[in-house]
Amino acid sequence: MSNLKFDKIPASFEAMLKFSEAYAKRTGTFFCVDTSVTAVVIEGLAKHKDQYGAPLCPCRHYDNKVNEVSNAYWNCPCVPMRERRECHCMLFLNSDNEFSGKHQVADIDVLLNAIM
């Protein structure tokens with residue numbers, strides 16, 4: 001758990017981080033070498049989970065987010081990720097992707113610093 005200056009880490013952020021780490025390990029994918037990308041995507045997933053009840057992909061535009069959540073196509077992991085291992089958000093990258101880092105676990109303090 002965090003030990004820096006963050007007194008209250010949103011439970012949804014921590015939950016989305018744990019989900020992301022578990023999913024990366026399960027699929028053999030890696031987080032982006034740019035930590036701020038990982039941080040912003042996890043933050044967006046957490047906000048959508050809080051607002052709409054599902055981690056809707058934060059990297060897309062939706063005319064109606066409520067409808068998109070119920071369709072479930074863009075709920076993380078989205079259909080393109082599950083079927084073709086294509087993550088538009090760059091959260092889950094294959095090792096041969098030029099932006100792929102080498103980590104499947106992220107330090108929560110580093111992520112929070114990237115978005116603060």
Side-chain angles (χ1 to χ4, degrees):
M1 185 62 193
S2 174
N3 61 8
L4 286 180
K5 61 185 174 222
F6 310 105
D7 295 332
K8 182 153 170 98
I9 297 169
S12 56
F13 186 92
E14 196 168 359
M16 286 295 97
L17 174 57
K18 288 179 191 281
F19 155 77
S20 299
E21 291 173 338
Y23 191 77
K25 289 175 187 174
R26 189 168 75 245
T27 59
T29 55
F30 299 89
F31 296 138
C32 184
V33 69
D34 182 347
T35 307
S36 66
V37 170
T38 303
V40 168
V41 174
I42 291 174
E43 178 185 39
L45 291 171
K47 285 181 179 180
H48 283 158
K49 178 93 169 136
D50 287 344
Q51 291 174 330
Y52 303 106
L56 186 64
C57 173
C59 300
R60 305 190 67 80
H61 170 76
Y62 308 100
D63 290 330
N64 186 320
K65 290 182 181 180
V66 173
N67 286 345
E68 291 296 338
V69 165
S70 66
N71 290 337
Y73 187 89
W74 292 112
N75 293 345
C76 188
C78 64
V79 171
M81 181 60 202
R82 291 190 310 254
E83 291 182 354
R84 298 182 303 276
R85 294 177 61 137
E86 296 173 359
C87 181
H88 179 263
C89 293
M90 295 180 51
L91 181 59
F92 304 114
L93 299 171
N94 294 313
S95 60
D96 61 348
N97 186 299
E98 66 180 301
F99 298 105
S100 176
K102 301 200 183 305
H103 303 326
Q104 295 172 315
V105 175
D107 183 313
I108 196 165
D109 290 326
V110 172
L111 295 179
L112 291 171
N113 274 324
I115 56 177
M116 297 293 186

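All heavy atoms count here, side chains included; hydrogens, waters and symmetry mates do not. All residue numbers refer to positions in the sequence shown, counting from 1.
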> Val40, Met16: one ILVMFWY side-chain cluster at the under-4.5 Å cut-off?
yes
> Determine yes or no for a side-chain-to-main-chain donor-acceptor pair under 3.5 angstrom, with Tyr62 supplying the side chain and Cys57 the backbone.
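The answer is yes, because a donor-acceptor pair under 3.5 Å joins these two groups.
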> Applying a strict under-4.5 Å side-chain criterion to I, L, V, M, F, W and Y, I'd like to know whether Tyr52 and Phe13 cluster together.
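Different hydrophobic clusters.
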> Does a salt bridge link Glu21 with Lys25, judged by any charged N lying under 4.0 Å from a carboxylate O?
no
> What's the spacing between Asp107 CG and Thr38 OG1 if we round to 0.5 Å?
12.0 Å
> What distance do Cys32 atom SG and Met90 atom CE have between them, rounded to the nearest 0.5 Å?
4.0 Å
> Is there a path from Tyr23 to Val79 through hydrophobic residues (I, L, V, M, F, W, Y) whose side chains come within less than 4.5 Å of each other?
no
> Please test Asn75 against Leu56 for side chain to side chain contact (heavy atoms under 4.5 Å, CB included), starting from the C-alpha separation and ending with a verdict.
CA-CA 4 Å; Asn75 293 345; Leu56 186 64; 3.5 Å; yes
> Taking all atoms of both residues into account, what is the closest heavy-atom pair of Ala54 and Val69, and its distance?
CB-CG1, 3.6 Å
> Which pair of non-hydrogen atoms, one from Phe30 and one from Ser95, has the smallest distance, and what is that distance?
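Closest approach of Phe30 to Ser95, heavy atoms only: CE1-CB, 3.9 Å.
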> Taking Phe99's backbone N and O only, do any of them form a donor-acceptor pair with Asn97's side chain (distance below 3.5 Å, no angle check)?
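A pair under 3.5 Å: yes.
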> Just verifying a value: how many Å separate Arg84 CZ and Cys78 SG, rounded to the nearest 0.5 Å?
8.0 Å
> State which residues pass salt bridge (Lys or Arg N to Asp or Glu O under 4.0 Å) with Glu68; sequence neighbours excluded, sorted by chain then number.
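Partners of Glu68 under the salt bridge (Lys or Arg N to Asp or Glu O under 4.0 Å) test: none.
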> Return the SG to NE2 distance between Cys76 and His48, rounded to the nearest 0.5 Å.
12.0 Å
> Is Leu111 linked to Ile115 within one hydrophobic cluster, defined over Ile, Leu, Val, Met, Phe, Trp and Tyr using a side-chain heavy-atom separation of less than 4.5 Å?
yes
> I'd like to know if the side chain of Gln104 reaches the main chain of Ala24, judged simply by a donor and an acceptor atom lying under 3.5 Å from each other, with no hydrogens or angles considered.
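Here the side-chain-to-backbone pair exists.
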> Which residues pass the side chain to side chain donor-acceptor pair (under 3.5 Å) test with Asp50, sequence neighbours left out?
Ser12
> For Val41 and Cys89, which heavy atoms make the closest approach, and how far apart are they?
CG2-O, 3.5 Å
> Side-chain heavy atoms nearer than 4.5 Å, only ILVMFWY residues, links allowed to pass through others: does that put Met81 and Leu45 together?
yes
> Measuring only between side-chain heavy atoms, which start at C-beta, is Pro55 closer than 4.5 Å to Lys49?
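With C-beta onward as the side chain, the pair touches.
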> Run the numbers on Phe31 and Leu93 for side chain to side chain contact (heavy atoms under 4.5 Å, CB included), then give the verdict.
CA-CA 6 Å; Phe31 296 138; Leu93 299 171; over 6 Å; no
> Show the numbers, then the answer: is there a side chain to side chain contact (heavy atoms under 4.5 Å, CB included) between Thr29 and Cys87?
CA-CA 10 Å; Thr29 55; Cys87 181; over 6 Å; no
> Which of parallel (below 30°), tilted (30 to 60°) and perpendicular (above 60°) describes Phe19 and Phe92?
perpendicular
> Verify, without hydrogens or angle tests, whether Asn94 (side chain) and Asp96 (backbone) share a donor-acceptor contact under 3.5 angstrom.
no
